[in-house]
Participant: 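After the structure tokens below, expect a handful of questions from me.
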Amino acid sequence: MFAAFLTTILFSISVVCGHRSAKLIGGTEANFWRLTCASLFLGIWSFGFGIGLAGTAFPLFLVSGILGIGFGDVALFQALPRLGSRLSLLLIQCLTAPFGALIEWLWLGTSLKPIQILCGLTILVGVAVALAPGEHLKIARRDLTLGTMFSLLAAFGGACGAVLSRKAYQVAHEVSQPIDAANAAFQRIVGGLLIAAVCLLFVKRRELRIQSRAPAHLVIEVSKKKWRAVWPWVLANALAGQTIGVSCMQKAFETTPLGIVLPIIAMTPIVVIPFAWFFEGETPTLRSLVGGVIAVAGVVGLTLNR
């Protein structure tokens, strides 16, 4: 469970850095470059000290990354502009955990104690209290419908990716091919990077055509100016989120049921509150603090009843 706690803290730092980089270069490009950097860092570790892209469980880890990191993030970035960050995160964070626990129970037969289910639900209630919009929503019906569908897809993709990771670890142990958490994270992120690259090419296709006709020195100068401002945030996002954070998450997946891990990770939007206050000057609301207290109570309950 310590790995799940550490994942939540690292993901919270990653959210702040990701928000900064997305504002500077756009969400799709920021997502691609954070995955590229993380793939480089984890690849060095995996090929230097692990098994690289080998192993019987590799196909499962790869598909896990395609669904969870690839399609899951794509759906998230489609939900955000339609529903806003609060409602999008509310739906995704509060649905990924029950989806994951249900799929794991149906496929792998993993069950939880009633008290663990209660504590997990307490965490999700705390997240819902903290993230629920404070005023009547003014969202067009089309945006609400599409945004909700994309949020459901993001939650389902994340849950399927998590369950596939659990299955991959099971397969690896059955054939006596142990794989460390960082190597497992690398095998997953390769799948996510493939989807991110396709999405970036699609989004940037018009810009690439314009750049192909522009003078080379002008394109280089614009790129230098852009990256001078954004590279520290992309690097920090990649290290905290997709490199160390996902490695910790994989460690948690290896040893702990998803019904326990995912509710803890769902606390990320709450844990990010002090970081957002420190780095961006966002003052926490009373409701977000109350939701945080409820969620922490659920985490304490999970810890005591593991």
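Side chains are part of it too, since the values below use all heavy atoms of this structure and drop only hydrogens, waters and symmetry mates.
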Participant: Atom CH2 of residue position W231 - does it have more than 12 heavy atoms of other residues, nucleotides or ligands inside 6.0 Å?
Facilitator: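 12 or below, so no.
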Participant: What's the spacing between I69 CD1 and I189 CD1 if we round to 0.5 Å?
Facilitator: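 Going from CD1 on I69 over to CD1 on I189, the span is 5.0 Å.
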Participant: Do you know the tightest heavy-atom contact between G52 and N183?
Facilitator: O-ND2, 2.9 Å
Participant: For the hydrophobic clusters of this structure (ILVMFWY residues joined by side-chain heavy atoms under 4.5 Å, transitively), does one cluster hold both V261 and L108?
Facilitator: yes
Participant: Calculate, to the nearest 0.5 Å, the distance between atoms CG and OG belonging to N31 and S21 respectively.
Facilitator: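 It comes to 9.0 Å.
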Participant: What residues form a ring pair (Phe, Tyr, Trp, His ring centres under 6.0 Å) with F61, not counting sequence neighbours?
Facilitator: Y169
Participant: Hey, is CZ on F49 packed in by over 12 heavy atoms from elsewhere, all under 6.0 Å?
Facilitator: no
Participant: Can you name the residues that form a ring pair (Phe, Tyr, Trp, His ring centres under 6.0 Å) with W33, not counting sequence neighbours?
Facilitator: W227
Participant: Would you say that more than 12 heavy atoms from the other residues, nucleotides or ligands in this model lie under 6.0 Å from the NZ of K251, or not?
Facilitator: no
Participant: To which residues is L118 joined in a hydrophobic cluster, defined by side-chain heavy-atom contacts under 4.5 Å among Ile, Leu, Val, Met, Phe, Trp and Tyr, whether direct or through other members?
Facilitator: I115
Participant: Are there more than 12 heavy atoms of other residues, nucleotides or ligands under 6.0 Å from atom CZ of F156?
Facilitator: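 Count not over threshold, so no.
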Participant: Counting only heavy atoms not in F41, do more than 12 fall under 6.0 Å of its CZ?
Facilitator: yes
